[in-house]
S.K.: 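Sharing a structure, written as C-alpha cells. Questions coming.
When reading the values below, keep in mind they use all heavy atoms of this one structure, side chains included, and skip hydrogens, waters and symmetry mates.
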Amino acid sequence: MTFDELSARCAWRPIPGCPGRFVLASGPSRIPPDALVLRSVEVTEHTVAAATDPVIVTSFDEGGLISYRKPDGTFVHTLNSSEGFERKLRQLGIR
C-alpha cells in the first residue's frame with residue numbers, strides 16, 4: 001500500500017493547517033484501519049495524552065494512516081504523506 005493507492009481508493013479532504021494530512025471526506029467510518037488498507041501492513045494501537053481516543057497507526061510506503069477509534073466504535077481516518085505522518089506521530093508523542 002502506498003499513499004497514492006489509498007488516496008485513489010477513497011475521497012479525502014485536506015486538513016486545514018496540516019500540510020500532507022487528509023481526513024476521510026465521508027466522515028467517521030465503521031471500517032477498521034486494516035480493512036481500509038486491504039494489505040498486510042504493520043498496525044499498532046496507542047493510548048497517548050495528546051489524544052482523547054485510542055490512536056491506531058498503520059504504516060505503509062510513502063506515509064501512513066492515523067485513525068482515531070471513537071467510543072461508538074467508528075473511526076476517524078487520516079491519510080498522511082511521509083512528512084505529515086512523521087510530524088503528527090511526533091506531535092502525538094508516538095515517535
S.K.: Taking a hydrophobic cluster as the set of Ile, Leu, Val, Met, Phe, Trp and Tyr residues connected by side-chain heavy atoms closer than 4.5 Å, whether directly or through intermediates, do Val37 and Phe3 fall within one such cluster?
M.R.: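 Yes, same cluster.
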
S.K.: Take a 6.0 Å sphere around CG of Leu92 and say whether it holds more than 12 heavy atoms from other residues, nucleotides or ligands.
M.R.: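 Enclosed.
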
S.K.: Which is it for Asp4 and Thr2 under the side chain to side chain donor-acceptor pair (under 3.5 Å) test, yes or no, and what are the steps along the way?
M.R.: CA-CA 5 Å; Asp4 289 337; Thr2 68; 5.3 Å; no

S.K.: Can you tell me how far CZ of Arg90 sits from CZ of Arg87, rounded to the nearest 0.5 angstrom?
M.R.: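 Answer rounded to 0.5 Å: 8.0 Å.
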
S.K.: Should Ile31 and Ile66 be regarded as members of a common hydrophobic cluster, given that ILVMFWY residues are connected when their side-chain heavy atoms come within less than 4.5 Å of each other, either directly or indirectly?
M.R.: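 Different clusters.
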
S.K.: Tell me which pairs pass ring-ring contact (aromatic ring centres under 6.0 Å, His included) where either residue lies in residues 76-95, with sequence neighbours left out.
M.R.: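 Every ring-ring contact (aromatic ring centres under 6.0 Å, His included) pair that includes a residue of residues 76-95, provided the two are not neighbours, is Phe75-His77.
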
S.K.: Could you go through Leu79 and Ser7, starting from their C-alpha distance and side-chain angles, then the distance that decides it, and tell me whether this counts as side chain to side chain contact (heavy atoms under 4.5 Å, CB included)?
M.R.: CA-CA 8 Å; Leu79 176 63; Ser7 178; 3.8 Å; yes

S.K.: Determine all donor-acceptor pairs shorter than 3.5 Å in which one atom belongs to a side chain in residues 9-28; sequence neighbours excluded.
M.R.:
from	atom 1	to	atom 2	distance (Å)
Arg9	NH1	Leu36	O	2.2
Trp12	NE1	Leu6	O	3.2
Trp12	NE1	Cys10	O	3.3
Arg21	NE	Asn80	OD1	2.6
Arg21	NH2	Thr78	OG1	3.2

S.K.: Between Glu5 and Met1, which heavy-atom pair has the shortest distance, and what is it?
M.R.: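 Residues Glu5 and Met1, closest heavy atoms: OE1-CA, 3.0 Å.
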
S.K.: For Glu83, what residues pass the salt bridge (Lys or Arg N to Asp or Glu O under 4.0 Å) criterion, not counting sequence neighbours?
M.R.: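 Salt bridge (Lys or Arg N to Asp or Glu O under 4.0 Å) list for Glu83, sorted by chain: empty.
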
S.K.: Table please: side-chain donor-acceptor pairs of residues 46-64 below 3.5 Å, with sequence neighbours left out.
M.R.:
from	atom 1	to	atom 2	distance (Å)
His46	NE2	Thr44	OG1	2.7
Asp53	OD2	Lys70	NZ	2.6

